Structure formats: structure tokens, C-alpha cells
Amino acid sequence: MTAFYRILTAVYLVHSSLSTHAADTDSTAARGIHGSANTEVNYGYEAGKAEPTMWDFPHITLSAEAVLGRGWSVTAEVEYERFYTAGAWGNSFRDNFATNKLYLNKLFSPAIQVKAGIVEVPVGVTNSGGPALTIYDPESEALLMPMTWHEGGLTLWGERGRWSYSLAALAYAATPLRRSRLLGGAARVAYSPVQDLSLALSSYWGTASRGSARLYAPDFVGTDGILYAALDGSYEANGWTVSGSAVWASDARAHSVGMEAGYNVLAAAAAEGTELTLFGRFDGVYLPHSMALNKYTVGLNFVPWSTLILKAEYALRHESGLGTTRPLNLSIGYTYEF
């Protein structure tokens, strides 16, 4: 938490120092700081454990953006997530805390923008900020690659018409500098054939020896080099939330497919900010000669008002060698925007 306040303080000081000069040349820009604070409590089931009960509390995400004017902005996001797994609480602050984003962005035009710092690696639906109706990260993506994937780097990105793109050079920064390493690159290109529908191809190629690529990668990933490729799509309109992805990893020839569809049954009748979304999801994860997972999930997400969300889901999860389990997951979350 202290780290986040330091980030906000630094952003505010930079903003203040630039405001006077920027006001003379960019008086129409909507400068200022805005963001959100989200907290949730989750209860779930961790497969393959002697003590499968899992709690996620507290789980706090704080995000902020400072618009400095003249096309400059700073974005920060930090997360603290404490788990109860295998019969014990994880109490290491270093393990529970992450800086998901901290970058400076320069907008030259909507089609050409550059950001530098701790940036997203937008491979798949979840890592690119797309819809995910389940409480925890979809297993079709989470079992193959890091989630909330971030690395140090420089990203060229933008959008023009129905197209958007992102091209990143990623590195692991360390002190002393001689310990820093170039990790690789990531790319994403998306196309919207119609409004509210997005189709995308994304990829990461490089090492998994440092950073999130090593820390959060699954056991089958080696460190010499890996290629991820993903095809995903999403649609959010008229009460419907639909998304899906197919992911392939060069290590172990691992591949997966995941898809979900949900409908807000209150879309036509409820007041704005109120939702009751019923959904179904399928996850399939396949590691040849090692593991095959098929998971079917049904659930509901209830938003009685815009800042509060209640979730419940039930699944049939069949993993080769472990049989079938029937996890029940519950969640309550609250969001405050400023």
C-alpha cells in the first residue's frame, strides 16, 4: 500500500510541475488524476491439494491515471492478494504484492502512442483486459501462461478505424544494471468487423528466465526460450458478454481452448448499473503425454448497484489422473472510483 501512495505522490508532483506550462499551450486537455480502488473476498476450491479450500483475502487493486497534458500521461496499478491455500495463509508481503503497471505514455495521435515502464503483455483475452465472467482467471489461459502479465518494456501502440495494435520490446531490469536481461517481444493486432465485436491475434516470443515470464509461468515452461500464440475474440453488447480464446505454447506442445457466454437478464428492465448475468463456460487444457483438463462452469454475477458485485459459480472439473471434482466458488467485491 505504501508503494502505491508513493507512486501517486510522484505522479501528483510531476503533474503539478507541468500544469502551469501546459496550461498555456494545451488549455483544452482534461488534466487531472482519476482511478479506482477495488477490494474483494473470494472463497474457492484448489484442485489437486490435500486441503483444497482456498480463500483470497484481502484482495485489493488500486489503479490511477494522471493526465499531464500535451499528450502525456502516467498510469499505475498495484495489487495485494493474500491466499489461504494448503491449510495456511501466505503472509509474505513480497510474494503477495505486485506492481502490475507503472508507465509513462505519450500520445502523438490515436494511431501512434508510446509507453515505457512496467507494461502489459497482452496475450489472450484476460491479459489484454477482455471480459472474464469467472471469479478466478480462466484455467484455459492461467494454466499455460502468466496472468496479469507485465514486464519492463517499451510499447508502440494505437488504433485506426477498426484496427488496433500493440508491439512491445520487453526486458528484465535489475541492479546492478549488468544483471538486466532482454526478455523478448510481444505483439497483438485486433480487428472489429462490427461494433462491439473484437477479433485478435497475439504472441510472445523470448526467454522465460526472468520477470513474470519465470515467476508465474507453469512448471512445463523452460527458460531457454518459448513462443506463445493466441487467437481470441469478444463481444459485449445488448446484454450479452461472449468471449473465447485458443492458446498454444511451444514448450510441451501445450494448447488450450476456452469460451464463455453470459446474458444479463435484467438488461431491458433494470435501472442503469444493475445486472444479473447468468453464464456458462468451457475450459480445455491439453499437455500431450502429461495432462488433459476439461472443465464446465455455470454461474451468476449479480450487481445490485454499480459499486457492488456478488458472484457464485459451480463447475465439473475432470483432470486426467485426478478424476472429477465439483468446485463451488463465491465472491463479493466492491469498487470505488475517484
Side-chain angles (χ1 to χ4, degrees), residues 7 11 14-15 18 26 29-31 33-36 61 63-79 98-132 141 145-173 182-207 211-213 216 226-236 243 245 247:
I7 290 170
V11 167
V14 171
H15 168 254
L18 295 179
D26 192 24
R31 293 184 298 274
I33 297 177
H34 62 274
S36 65
T61 304
S63 60
E65 180 185 28
V67 180
L68 310 177
R70 304 186 69 182
W72 291 97
S73 63
V74 176
T75 296
E77 180 182 282
V78 296
E79 183 175 10
T99 301
N100 296 332
K101 303 175 189 177
L102 180 56
Y103 59 78
L104 179 68
N105 188 79
K106 171 61 176 176
L107 182 150
F108 298 96
S109 73
I112 302 177
Q113 302 187 54
V114 178
K115 56 187 173 186
I118 300 174
V119 298
E120 313 94 325
V121 182
V123 180
V125 172
T126 311
N127 284 325
S128 61
E141 296 188 348
M145 59 186 174
M147 291 288 92
T148 320
W149 195 349
H150 56 271
E151 308 286 2
L154 181 71
T155 301
L156 173 67
W157 68 288
E159 57 183 34
R160 183 179 178 85
R162 296 182 178 183
W163 293 90
S164 62
Y165 73 95
S166 173
L167 184 62
L170 305 169
Y172 173 76
L182 181 65
L183 294 177
R188 181 178 180 85
V189 62
Y191 176 67
S192 296
V194 297
Q195 188 176 2
D196 303 313
L197 173 64
S198 176
L199 304 173
L201 285 169
S202 55
S203 180
Y204 168 85
W205 60 98
T207 181
S212 296
Y216 302 112
I226 187 170
L227 170 66
Y228 282 107
L231 169 67
D232 65 77
S234 64
Y235 175 79
E236 295 181 89
S243 70
S245 69
V247 182

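Keep in mind it's a predicted model, so treat the numbers as computed, not measured. The first residue of the sequence shown is numbered 1, and numbering continues consecutively from there.
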**Message:** Looking at Leu227, I'd like to know if its CG atom is crowded, meaning that more than 12 non-hydrogen atoms belonging to other residues, nucleotides or ligands lie closer than 6.0 Å.
**Reply:** yes

**Request:** Return yes if some donor-acceptor pair links the side-chain N/O of Ser202 with the main-chain N/O of Gly124 below 3.5 Å, else return no.
**Result:** yes

**Item:** Main-chain N/O of Ile112 paired with Ser109 side-chain donor or acceptor, under 3.5 Å
**Value:** yes

Minimum heavy-atom separation for [X] to [Y], with atom names?
| X | Y | result |
| --- | --- | --- |
| Leu167 | Ala187 | CD1-CB, 3.9 Å |
| Glu151 | Gly211 | OE1-CA, 3.6 Å |
| Ala213 | Pro146 | CA-CG, 4.1 Å |
| Ala230 | Val123 | CB-CG1, 4.0 Å |
| Gly233 | Val125 | O-CG2, 4.3 Å |

Would you call [X] and [Y] a side-chain contact if the rule is heavy atoms closer than 4.5 Å?
| X | Y | result |
| --- | --- | --- |
| Met147 | Thr126 | yes |
| Leu104 | Lys115 | no |
| Pro131 | Ser243 | yes |
| Pro193 | Leu199 | yes |
| Glu77 | Thr99 | no |
| Ile226 | Trp205 | no |
| Gln113 | Lys106 | no |
| Pro110 | Arg160 | no |

**Request:** Could you walk me through whether Val78 and Leu102 pass side-chain contact (heavy atoms from CB on, under 4.5 Å), step by step?
**Result:** CA-CA 9 Å; Val78 296; Leu102 180 56; over 6 Å; no

Rounded to the nearest 0.5 Å, what separates atom [atom1] in [X] from atom [atom2] in [Y]?
| X | Y | atom1 | atom2 | answer |
| --- | --- | --- | --- | --- |
| Leu68 | Asn105 | CG | CG | 10.0 Å |
| Glu79 | Thr148 | CD | OG1 | 5.5 Å |
| Ser212 | His150 | OG | NE2 | 3.5 Å |
| Ile118 | Tyr103 | CD1 | OH | 11.5 Å |
| Tyr165 | Glu159 | OH | CD | 10.0 Å |
| Asn100 | Thr61 | CG | OG1 | 7.0 Å |

**Message:** Could you tell me if Thr155 and Ser166 have a donor-acceptor pair between their side chains, going purely by distance under 3.5 Å?
**Reply:** no

**Request:** Examine the side chains of Ser245 and Glu141 and answer whether a donor and an acceptor come within less than 3.5 Å of each other.
**Result:** yes

**Complete:** Residue set satisfying side-chain contact (heavy atoms from CB on, under 4.5 Å) with Ala116, at least two apart, ordered chain then number -> Leu154

**Message:** Under the criterion side-chain contact (heavy atoms from CB on, under 4.5 Å), I'd like the reasoning laid out for Asp196 against Glu236: C-alpha separation, chi angles, the key distance, then a yes or no.
**Reply:** CA-CA 6 Å; Asp196 303 313; Glu236 295 181 89; 5.6 Å; no

**Request:** Answer yes or no: is there an ion pair linking Arg188 with Glu120, defined by an N-O contact shorter than 4.0 Å?
**Result:** no

**Item:** Aromatic ring proximity Trp149/Tyr204, centre distance under 6.0 Å
**Value:** yes

**Request:** Take Val247 and Met145 through the side-chain contact (heavy atoms from CB on, under 4.5 Å) test and state the conclusion after the steps.
**Result:** CA-CA 9 Å; Val247 182; Met145 59 186 174; 4.2 Å; yes

**Request:** Go through Val114 and Phe108 one step at a time and tell me if the side-chain contact (heavy atoms from CB on, under 4.5 Å) criterion holds.
**Result:** CA-CA 8 Å; Val114 178; Phe108 298 96; 4.1 Å; yes

